[in-house]
Amino acid sequence: MTDAPQQSSTAEQPSKAKAKAFAKSRRGPILGAIFLMATSAIGPGFITQTATFTAQLGAAFAFAILVSILIDFAVQMNIWRMITVSGKRAGDLANQAVPYSGHVLAVLIIIGGLAFNIGNIAGGGLGLNALLGLDPKIGGLLTGALAIGIFLFKKAGPVVDIVVMVLGIGMIAMTLIVAIASQPPIGEALRQTIVPDEISFATITTIVGGTVGGYITYAGAHRYLESGFVGPDHVQGVHRASMQGILVTGIMRYVLFLAILGVVASGVTLDLAGQAANPAAQAFGHVLGEAGLRIFGFIFWAAAITSVIGAAFTSATFMSVFSKRLAGGWPLQVATVAFIVVSLVVYLLIGTAPAALLVFVGGFNGLILPIGLTIFMYIGWFRSKDVLGGYRYPRWLLIIGTIATLLSFWMGANSIGPIFAFLGVGA
């Protein structure tokens, strides 16, 4: 009688040890998913958009940031939960609910991801220009080449996780330093976060697209699938991870805005129209001189390389709807590298000013956002029993997700002209 508990305890020890080892091995992909989502949402496009719109709207831009964070919450909480509960990538999940809708979504994400990645590589060029004085084209080439090298490494997954975490933390720390030094009018910023003097729907659509549009919607969730903690039993873990990602991105967005606002409020005029215009670099340089310019260069380049990684990886995962051979392993790495190569070649050939391109791609992906959301809201409302394996989906998540979907449709319809005007197309 007395020996039985000891035997049971002895038998349980290996299983507990295995469980702890499994959890530890999966911690990297989970943290990688959080930071991949965060750094993808805080890419060079968002930094340039923030500088551009803060210069145009001043403290009123805070309202656009608040709206983007609220929409981000509604979108990411739904997308992460549906993808991880089902254990399937977005394209496969969409196809199961509505035949071939996953193919349509994949095409849109890949096109939008390509536009994003061209902008990300352009951002890498701008970052290295500010950091080292390199020609932006050469800087973009080096950024793309480094990203390709990361994905050619056999164990690309763990390397990606480490890179995005280290660079993400560095971005936040350095931006906070500049925000403190610029001495922004915090009281005015807080007031206009709630009651803005001016509202621009094109601005909101662009900033939403740059932070949660296109591939960014699915980046963290697709990486989280590789943690192994998927299915209805792991909903709480998914909830925590997605909330942490949203918190990191929200803090970074507002801190960056405050850093730029402090410069604009002091009366400095930023160049937004020149071929070599880099408004965020001008702001950082004004605050800390040469050191500020170098800090900006690192932040911008770090944002660029992590976003290149996120855009390429996530866009490549959508290619699996066309061929299951691309679902993982070496074929997925090859597809990811090919995606970066195409993005790099297009960037080297186009003549659009990098700053204008970075603003445009956010708006473009903001137009794509509501299409994918519509499919997932349909799954949540009407197909959770079969597509999500009978999981009882929270009604409150569906309500806020539907509101975000309708809002993104409405804003997109009112912003098409102004968004394409960033590239000199339309009115």
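Closest approach of Ala55 and Val264 over heavy atoms only: CA-CG2, 4.0 Å. The two residues Met174 and Ile299 have their closest heavy-atom pair at CB-CD1, 3.6 Å. Taking every heavy atom of both residues into account, Ile340 and Gly144 meet most closely at CG2-O, 3.8 Å. Among all heavy-atom pairs drawn from Gly58 and Leu261, the shortest one is C-CD1, 3.8 Å. Between Ala94 and Ser101, the shortest heavy-atom distance links the atoms O-OG, 2.8 Å. Nearest heavy atom pair, residue Thr54 against residue Thr50, reads OG1-O, 2.5 Å.
Between the side chain of Gln333 and the backbone N or O of Leu152, no donor-acceptor pair lies under 3.5 Å. In this structure, Ser323 contributes its side chain and Ser320 its backbone to no donor-acceptor pair below 3.5 Å. No side-chain donor-acceptor contact under 3.5 Å links Ser315 to the backbone of Ala312. At distances below 3.5 Å, at least one donor-acceptor pair connects side-chain atoms of Ser408 with backbone N or O atoms of Thr405. Between the side chain of Thr314 and the backbone N or O of Ala311 there is no donor-acceptor pair closer than 3.5 Å. No donor-acceptor distance shorter than 3.5 angstrom exists from the side chain of Asp135 to the backbone of Asn129, with no hydrogens or angles considered.
Listed by first and then second residue, the salt bridge (Lys or Arg N to Asp or Glu O under 4.0 Å) pairs involving residues 53-75 are Asp72-Arg253 (not counting sequence neighbours). Counting only residues at least two apart or on different chains, no side chain to side chain donor-acceptor pair (under 3.5 Å) pair has a member in residues 165-174. Pairs engaging residues 167-176 under the side chain to side chain donor-acceptor pair (under 3.5 Å) rule: none recorded [sequence neighbours left out].
Between Arg383 and Val98 the shortest side-chain heavy-atom distance does not fall below 4.5 Å. The closest side-chain heavy-atom distance from Phe151 to Val334 is not below 4.5 Å. Using a 4.5 Å cut-off on side-chain heavy atoms (C-beta onward), Phe300 and Ile47 make contact. With a 4.5 Å cut-off on side-chain heavy atoms, Leu141 and Tyr347 do not count as touching. In this structure, Phe296 and Leu131 have side chains that are not in contact, with every pair of non-hydrogen atoms separated by 4.5 Å or more. With contacts defined as side-chain heavy-atom distances shorter than 4.5 Å, the pair Met82/Met377 qualifies. The shortest side-chain heavy-atom distance between Gln76 and Met243 does not fall under the 4.5 Å cut-off. The shortest distance between side-chain heavy atoms of Ile83 and His222 falls below 4.5 Å.
Phe313 has its ring centre no less than 6.0 Å from the ring centre of Phe339.
Summarising the geometry, atom CG belonging to Leu167 is positioned 8.0 Å from atom CE belonging to Met171; distances are rounded to the nearest 0.5 Å. Rounded to the nearest 0.5 angstrom, Leu388 CG and Lys88 NZ are separated by 9.0 Å. Going from atom CD1 of Ile371 over to atom CD1 of Ile375 covers 8.0 Å, rounded to the nearest 0.5 Å. For the atom pair CD1 of Ile399 and CD1 of Ile403, the computed distance is 7.0 Å after rounding to the nearest 0.5 Å. The CG atom of Leu256 lies 11.5 Å from the CD1 atom of Ile172; values are rounded to the nearest 0.5 Å. Taking OG1 of Thr249 as the reference point, atom CD of Gln244 lies at 12.0 Å (rounded to 0.5 Å).
Ring planes of Tyr224 and Trp80: tilted class, angle from 30 to 60°. Ring geometry for Tyr391 versus Tyr393: interplanar angle over 60°, hence perpendicular rather than tilted (30 to 60°).
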Identify each donor-acceptor pair in which a side-chain atom of residues 284-293 lies under 3.5 Å from a protein atom, sequence neighbours left out, and give them as a table.
residue : atom : partner : partner atom : Å
Glu290  : OE2  : Arg294  : NE           : 3.0
Glu290  : OE2  : Arg294  : NH2          : 2.2

Donor-acceptor list for residues 102-118 side chains, cut-off 3.5 Å, not counting sequence neighbours:
residue : atom : partner : partner atom : Å
His103  : ND1  : Asn95   : OD1          : 3.4
His103  : ND1  : Asn95   : ND2          : 3.2
His103  : NE2  : Val321  : O            : 3.2
Asn117  : OD1  : Asn120  : ND2          : 3.4
Asn117  : ND2  : Ser343  : OG           : 3.4

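With sequence neighbours left out, Trp301 forms a ring-ring contact (aromatic ring centres under 6.0 Å, His included) with no residue at all.
In summary, of the residues considered (Phe376, Trp381, Phe382), a ring-ring contact (aromatic ring centres under 6.0 Å, His included) with Tyr378 occurs for Phe382 alone.
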### Query
Step by step, would you call Thr374 with Phe409 a side-chain contact (heavy atoms from CB on, under 4.5 Å)?
CA-CA 10 Å; Thr374 300; Phe409 263 118; 3.0 Å; yes
### Task
Just do the side-chain contact (heavy atoms from CB on, under 4.5 Å) check on Leu93 and Arg89 with the steps written out, would you?
CA-CA 6 Å; Leu93 189 58; Arg89 289 173 178 163; over 6 Å; no
